[in-house]
Structures are given as structure tokens and as C-alpha cells.
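Everything below concerns the one structure shown next.
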Amino acid sequence: MNGRIALVTGATSGIGRATCRRLHADGWQIAGVGREVDRLTTLQHELPGFLPIVMDVTRPDAAQRIVGATVERFGALHGLVNAAGILEAGSHETTTAEDWDRTMNLNLRSVFLLTQAALPYLKQANPVGAVVNVSSVSGMRPFPGVLAYCVSKAAVDQLTRCLAIELAGAGVRVNAVNPGVVVTELHRRGGMTPEAYEAFLERGRTTHPLGRVGQPEDISSAIAWLLSDEASWITGETMPIDGGRHLTAAR
Ligand SMILES: NC(=O)c1ccc[n+]([C@@H]2O[C@H](COP(=O)([O-])OP(=O)(O)OC[C@H]3O[C@@H](n4cnc5c(N)ncnc54)[C@H](OP(=O)(O)O)[C@@H]3O)[C@@H](O)[C@H]2O)c1
């Protein structure tokens, strides 16, 4: 154990779960948030000392309860990873107000509120704490047909920069990672059929210049690095981890 405590949302799947595993291997103690009780229990068996927090992060009282449970158990907080998120298809014409609010509440509002609740503890931590937001290449580049998602991630990027400049005086670093397509449950939860998802991954070989889509560990290693002392002079960065996807343009 390295004496540091991390709070990770989206712990039950994909990038968040890989981050729990990676940080635990690096010696962090982990509190992980999700709604799927069985998956949190499995992780608790896998990672000694893991604190499962069963919570919908869009609940009005979620941020205070999640941070409260973490600090009650571990007494401190050194790292916050905001990984919970959804991707729902919808263009400007088809996205309803409810779709828009659902995406914004989870992908953006919960990140703002959780960071706000965690901040007093991140400031007090020794060494001072850091935040990593899981954004997307869709925050940096527009993709058609996923309007609310793209806008939510662009806002997460700007939230990251705004917080970085506000909190630099306290020594709290705030960065984001911007993945390209990563093999997780995100797209299937968003309604993609298994056949469409297979075709989407196959197409990813050409849409990502390095010739492959990502795995959750491609992202969790960067998150762990951004939380570590090796990145102690980096704040306000939105880091593409996407096999070069953000470099491409339609032609
Ligand atoms: N996969 C990609 O290609 C990709 C690319 C760029 C960015 N990202 C971003 O990466 C992050 C992680 O996504 P992923 O790809 O790992 O997807 P995933 O496998 O679908 O995991 C999503 C996670 O979010 C949690 N979650 C969803 N709604 C929640 C809610 N209301 N309250 C609490 N937790 C909730 C889920 O937990 P429960 O179901 O247990 O609640 C799950 O742990 C997201 O922010 C996503 O936008 C992913």
C-alpha cells in the first residue's frame, strides 16, 4: 500500500473497473462506485480493502454520500477519477429534452458535484490530491448522431481547465483523458446491436491511425500516471488516448 486513497466512479465496468485494478496494483486503496451490486461485490473479493459504494451518481445527495462513505472508511482522499458515463445516440433533430438532461446529469453535472464534494479532502491530503475526468475524443471533435454526448464531453474538458486554474493555488491538479473507441459496454448499453458493434470495432481499425481500437488498460495506465507524482507539474490537460484518432479529418 502506498498510503493513498482513490475514489473511482464507473467502477463496475470498462475503464473505471480497469482503473480500480491498476491503482490497486500500484498500492492505492480504492473506493469504487456503481449501481451493479454483484459486480462491486466481485471487485471487493478481487481487490483486498476495496470499498464498494452502491450509488446512482445522479441522485441529488449522491456526491456527499459517496465522499462521506469514502472518508469515513479511509480517513482521507488523494485521487478522484470521474469515469461513470453514458453514450446515447441522437442527432440535433431526434434528441429530446429528457435525453439531453439524462446525458448532462450523468456525464457533466455529477462530475461537477462529486469534485465539489471531494475538494476539501483533496486539498487537505498529503500529498495534495488530484482529479482525472474521463472525457472523450468526442469532446475534442464533433461526431454526427451523438449530439448530447459530444457536448457533454466538451463541457467536461472545459470544466477540467476551469477547475485546474481555480485549484492550482491549492496544489490540486485536474486533468482529463480523452479516449478514442475502447472495448467496453458503453456502446452496447447505448443501444448498439452486437452485429453493429462488431462492425463498429472493425471500422475502428481504419478510423484510428494506429490501426486498432483501445482496451480499458490503455486508458487506466494514463489515469494512474496522471494521479502519480510523475505528473506533479501537469494540470488542466485534456489528453487524447486514441491511437491518433483526434488527428484525423474527413476527406
Ligand atoms: N468505451 C469508449 O469507447 C469510450 C470512449 C471515450 C470515452 N469513454 C468514457 O469512458 C467512461 C467509462 O465508460 P466505459 O467505456 O467504461 O463504459 P461502460 O463499460 O458502459 O461503463 C460505464 C460505467 O458507468 C457507470 N454508470 C452509468 N450510469 C451510472 C449512474 N447513473 N450512476 C452510477 N454509475 C453509473 C456504470 O456502472 P453501473 O452500471 O454499475 O451503474 C459503469 O461502471 C465514460 O465516461 C465514457 O463516456 C468511453
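When a ligand or atom number is given, it counts from 1 through the structure's own listing order.
Judged by distance alone, with hydrogens and angles left aside, the side-chain atoms of D242 form no donor-acceptor pair with the main-chain N or O of N178 at under 3.5 Å. At least one donor-acceptor pair under 3.5 Å links the side chain of H24 to the backbone N or O of P48.
Around ligand 1, the residues contributing at least one heavy atom under 4.0 Å from the ligand are G10, A11, T12, S13, G14, I15, G34, R35, E36, M55, D56, V57, A83, A84, G85, L106, V134, S135, S136, Y149, K153, P179, G180, V181, V182, T184, E185, L186, H187, R189.
At a cut-off of 3.5 Å, with distance as the only test, no side-chain donor of T41 or D38 sits close to an acceptor on the other residue.
Closest heavy-atom contact between I219 and I15: CG2-CG2, 3.8 Å.
Here L7 contributes atom CG and R73 contributes atom CZ; the two are 13.0 Å apart, rounded to the nearest 0.5 Å. Remark: R102 CZ to T58 OG1 distance equals 10.5 Å, nearest 0.5 Å.
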